[in-house]
Amino acid sequence: MKTSAEIRQAFLDYFASNGHTIVESSSLVPVNDPTLLFTNAGMVQFKDLFLGKEKRDYVRAASSQRCVRAGGKHNDLENVGYTARHHTFFEMLGNFSFGDYFKREAIGFAWEFLTQVMGLPAEKLWVTIYDQDDEAADIWLKEIGVDPDRFSRIGDKPGHPYESDNFWTMGDTGPCGPCSEIFYDHGEEVAGGPPGTPEEDGDRYIEIWNLVFMQYNRDAAGNMTSLPKPSVDTGMGLERLAAVMQGVHSNYEIDLFQALIRAAAEVTGARDPESKSLRVIADHIRSCAFLIVDGVTPSNEGRGYVLRRIIRRAIRHGYQLGQKQPFFYKLVDALCEQMGDAYPELVKARETVKRVLRVEEERFAETIEQGMKILDEAIHDLPGKVIPGELVFKLYDTYGFPADLTADIARERGLEIDEEGFDREMEAQRARARAASQFGMAQQAEIALDGKTDFTGYERLEEEATIIGLFRNGEPVDSLDTGDEGMVVLDKTPFYAESGGQVGDRGVLLLPGSDTRFEVTDTRKQGGAVFGHLGSMAAGRLQVGDKVQARVDEKNRQRIALNHSATHLLHAALRRILGEHVQQKGSLVDAERLRFDFAHFEPLTREQLRAVEQLVNEQIRGNHVVETRIMALEDAKQAGAMALFGEKYDDQVRVLRMGDFSTELCGGTHVRAAGDIGLFKIISESGIASGVRRIEAVTGERAIEWVEQAESRLQQIASLVKSGPDDSDEKVRALVDRARLQEKEIERLKAKLASAAGTDLAGQALEIGDTRVLAAHLEGVDVKTLRDTLDQLKNKLGSAVIVLAAANEGKVSLVAGVTKDRTDRVKAGDLVKMVAEQVGGKGGGRPDMAQAGGSKPEALPQALASVETWARERL
């Protein structure tokens with residue numbers, strides 16, 4: 001029996017021996033492709049090659065691509081664990097030709113690999129083609145010799161030309177073409193008919209390989225033209241092929257999954273190896289681990305939210321198996337054993353993956369039990385078969401249960417969820433959020449102007465330029481006069497426009513030979529190619545066509561440059577100290593400070609922050625020259641330049657390098673050498689979203705000022721505690737320890753006072769039948785003392801109804817207590833509510849103990865006097 005690893009290697013070895021370059025799996029996060037949430041097919045990393053936008057030094061390739069389908073258009077999450085072949089994560093084996101070979105070779109490779117290398121009998125294979133693809137039919141039937149009885153033509157859907165299971169398209173327009181699929185026949189004992197028949201949905205015939213022939217280009221009108229260099233894109237699921245080779249019908253029965261299922265059973269304590277929950281957990285550890293390897297961390301949006309949903313689904317299935325403690329992270333070692341040889345990056349990130357999973361497990365464990373209890377109670381009392389949308393939303397909003405997790409639980413119990421009701425609740429929440437975020441600030445819309453501004457600010461801070469556009473209130477004007485606020489557009493400029501987190505430059509525009517002066521307070525891109533200089537006319541008049549001297553505020557630019565270069569060093573330092581999962585999630589660089597947001601799953605410790613700070617300052621002292629080069633995007637990546645996920649880059653990019661420490665793609669302005677930064681100081685670290693941390697820091701003069709201010713504060717503290725700066729921490733610690741001892745002594749004395757007060761007050765209680773009733777006002781005590789005194793009195797009085805009150809700084813505190821044997825007649829919550837309403841408050845609580853407050857201490861005597869009458873009516 002061939003193992004999954006052996007099958008993967010055999011595939012790659014076969015195609016390498018046939019002239020294919022073996023290309024490593026790309027990231028699960030597609031680079032420069034906003035149309036995809038995750039990499040979901042082997043061709044994704046070659047998309048620009050097929051479109052002709054990119055060239056590489058090979059024309060045929062093969063890969064084993066890791067893929068995720070758990071969000072967006074391709075979302076198999078709800079089926080995982082319940083079917084034989086659905087997964088959130090799978091490996092796609094593929095071979096590709098970029099204008100080199102075409103149908104004959106692709107078909108020949110596929111048939112030879114399956115029948116000779118893998119040894120599958122030809123009579124167990126079934127082939128389909130697009131019904132108009134006579135060329136492929138001839139190759140299969142006449143050259144390969146496929147049995148015509150095991151061959152089908154699949155046509156278009158009625159009334160929809162080129163819409164067929166055997167016609168592939170990249171989109172509504174662009175490259176497309178027929179495809180040929182190879183199916184494996186599991187035998188007559190399995191239900192289902194051949195592909196193309198009404199019975200094809202059965203499990204007898206399972207698709208294992210799809211050969212796509214990119215032959216045409218489709219335009220917006222639907223016209224097809226032949227591509228000058230037709231290409232090949234194939235995909236074969238490793239898990240499906242392994243199931244065939246290992247003689248099993250379900251992917252979950254192959255060696256790889258069986259090992260993970262055994263590990264999952266061990267860490268959860270499950271005894272049934274056929275449990276669907278074990279299948280879910282075994283599947284989910286693969287997608288979760290590899291997503292974390294590729295820089296995704298759990299969060300409440302985008303890819304991070306999908307990861308969180310998958311993790312929480314796995315945890316819930318562990319909970320269902322009886323495992324209430326963190327367990328999921330323990331499966332990372334078993335996964336490394338199975339897939340670490342093929343994907344060494346998994347082994348390298350092993351500890352990071354464990355930490356991320358454990359933190360998320362612990363966070364969810366705090367709420368899952370309570371959320372499950374609420375859901376169980378709601379299901380128990382459910383009048384019908386539909387869980388209300390309001391409840392689904394409450395579980396999501398309060399307990400972190402994604403709606404599809406609730407739907408998963410509902411399906412197991414034969415129920416449905418009210419999706420429309422949930423959507424209404426979600427939209428109402430979004431509306432509230434939008435209303436809360438209206439700050440009343442008018443945003444300046446981008447202006448429309450033909451033309452382009454050449455940026456010269458990398459080389460110089462002054463430039464002679466011509467005005468090509470003037471705008472006031474977003475509308476074009478011929479001139480700007482003294483006092484006018486507006487925007488000036490130049491044909492070239494040294495002013496950097498806000499981009500990549502770096503704020504726009506400030507400065508002045510001067511009209512030579514006059515006192516005309518335009519104060520530039522900000523610079524922004526307008527439509528990408530035009531730079532707008534925003535500000536006001538301090539003096540004189542500017543007109544379109546005027547030639548001006550554009551002069552950047554040099555000191556402001558330099559401070560920005562210090563912070564921007566320090567941001568690159570910070571990013572590199574964080575990756576070295578915390579791990580390569582750290583990815584930039586946002587930044588702001590201005591003249592005062594830098595702000596850097598990054599993916600990380602927990603707060604940084606004091607030691608980690610100190611290590612990051614020391615590493616950045618070490619690089620500053622190293623004073624490496626800051627090098628910039630313009631390179632092809634692919635060359636830059638191969639040189640180690642870091643590209644940010646989600647960013648769109650041109651074919652030619654600017655690469656910024658600081659020694660061997662930091663290499664990134666960046667269009668911003670920077671220092672000439674790292675030593676120019678002077679000093680780097682972190683001033684805060686915080687969380688801004690789940691899985692996203694924020695560091696704020698200062699550099700240069702601002703860093704020195706911050707250190708001087710900190711030193712001044714230390715001197716003040718030392719003076720207050722009458723010590724020197726060197727030992728002020730010991731003196732403060734001693735004062736804090738003494739204050740804690742005094743607080744404990746105060747608590748002890750209060751308890752003693754409560755005991756004494758209880759003894760004194762017990763004699764004031766009234767006898768009403770067989771119950772003692774007491775309403776009393778205690779002077780100068782807090783709520784805790786009131787509660788302690790109440791407990792003392794309940795123990796002393798036997799059967800009793802008690803109200804105690806205190807008034808401090810215009811506020812009333814109330815506690816009420818009823819002994820257990822009298823709660824059938826009197827409720828403490830009703831009693832305290834009656835008194836509280838008279839003193840301007842409200843409250844409630846349990847039948848035996850309740851608490852309230854009020855704002856009218858002057859009404860307290862009369863309110864307490866009313867207790868006797870109220871109690872007599874009930875006793």
Side-chain angles (χ1 to χ4, degrees), residues 26 30-56 58-61 65 67 69 72-74 92 94-107 128-140 152-181 196 209-235 448 450 452 527-529 632-634 646-652:
S26 64
V31 177
N32 292 337
D33 191 344
T35 66
L36 288 176
L37 191 65
F38 298 116
T39 298
N40 57 22
M43 62 81 61
V44 170
Q45 67 166 313
F46 303 117
K47 190 172 179 179
D48 284 347
L49 276 171
F50 287 126
L51 291 172
K53 296 180 180 178
E54 180 187 347
K55 292 188 181 298
R56 299 188 189 178
Y58 51 82
V59 291
R60 54 174 70 181
Q65 174 66 49
C67 302
R69 290 186 179 178
K73 178 181 177 182
H74 297 290
M92 184 73 86
N95 59 289
F96 310 90
S97 166
F98 313 110
D100 182 25
Y101 63 79
F102 200 41
K103 295 180 185 178
R104 177 169 287 101
E105 294 86 348
I107 291 171
T128 67
I129 64 163
Y130 182 54
D131 71 345
Q132 299 177 35
D133 191 0
D134 293 333
E135 180 184 3
D138 286 344
I139 296 170
W140 278 116
S152 303
R153 291 175 179 261
I154 308 297
D156 295 327
K157 296 175 182 177
H160 298 277
Y162 303 113
E163 284 193 24
S164 166
D165 289 341
N166 279 60
F167 195 90
W168 180 90
T169 62
M170 188 176 288
D172 293 335
T173 61
C176 57
C179 61
S180 182
E181 295 177 328
W209 205 340
N210 187 11
L211 315 178
V212 174
F213 310 124
M214 287 189 225
Q215 191 169 353
Y216 305 106
N217 184 67
R218 179 161 59 183
D219 63 22
N223 299 314
M224 296 283 192
T225 56
S226 296
L227 291 171
K229 290 186 176 181
S231 299
V232 171
D233 158 27
T234 84
D450 292 333
K452 179 178 181 296
L633 178 59
E634 280 306 312
E647 289 288 328
K648 184 70 176 176
Y649 295 101
D650 295 329
D651 293 337
Q652 296 291 310

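Atoms CZ and OH, on R218 and Y162 in that order, are 8.5 Å from each other to the nearest 0.5 Å. With values rounded to the nearest 0.5 angstrom, N217 atom CG is found 5.0 Å from T225 atom OG1. To the nearest 0.5 Å, the span separating CD on Q65 from CE on M43 amounts to 11.0 Å. To the nearest 0.5 Å, the span separating CD1 on I139 from OG on S180 amounts to 9.0 Å. Annotation: the span from W168 atom CH2 to C176 atom SG amounts to 8.0 Å, rounded to 0.5 Å. For the atom pair CG of L227 and CE of M214, the computed distance is 9.0 Å after rounding to the nearest 0.5 Å.
Of all the heavy atoms in S164 and G155, the pair that sits closest is OG-O, 3.0 Å. For the pair Q215 and P230, the tightest heavy-atom approach, listed with the atom from each and the gap, is CA-CB, 4.3 Å. Scanning both residues, S97 and S231, for their nearest heavy atoms gives O-CB, 2.9 Å. Nearest heavy atom pair, residue C179 against residue F167, reads SG-N, 3.9 Å.
Contact check on D134 versus R153 returns a salt bridge, with a Lys/Arg side-chain nitrogen under 4.0 Å from an Asp/Glu carboxylate oxygen.
Under the side-chain hydrogen bond (donor to acceptor under 3.5 Å, both in side chains) criterion, T39 pairs with no residue, sequence neighbours left out. Judged as a side-chain hydrogen bond (donor to acceptor under 3.5 Å, both in side chains), and not counting sequence neighbours, the contacts of D100 are R60. For the salt bridge (charged side-chain N to carboxylate O under 4.0 Å, His left out) test, no residue two or more places apart in sequence or in another chain qualifies with D156. Remark: N95 pairs with Y101, T234 by the side-chain hydrogen bond (donor to acceptor under 3.5 Å, both in side chains) rule, at least two apart or across chains. For D133, the side-chain hydrogen bond (donor to acceptor under 3.5 Å, both in side chains) test picks out K103, with sequence neighbours left out. Judged as a ring pair (Phe, Tyr, Trp, His ring centres under 6.0 Å), and not counting sequence neighbours, the contacts of F98 are F46, F50.
Between I107 and F213, some side-chain heavy-atom pair lies under the 4.5 Å cut-off.
No donor-acceptor pair closer than 3.5 Å links the side chain of E181 to the backbone N or O of N166.
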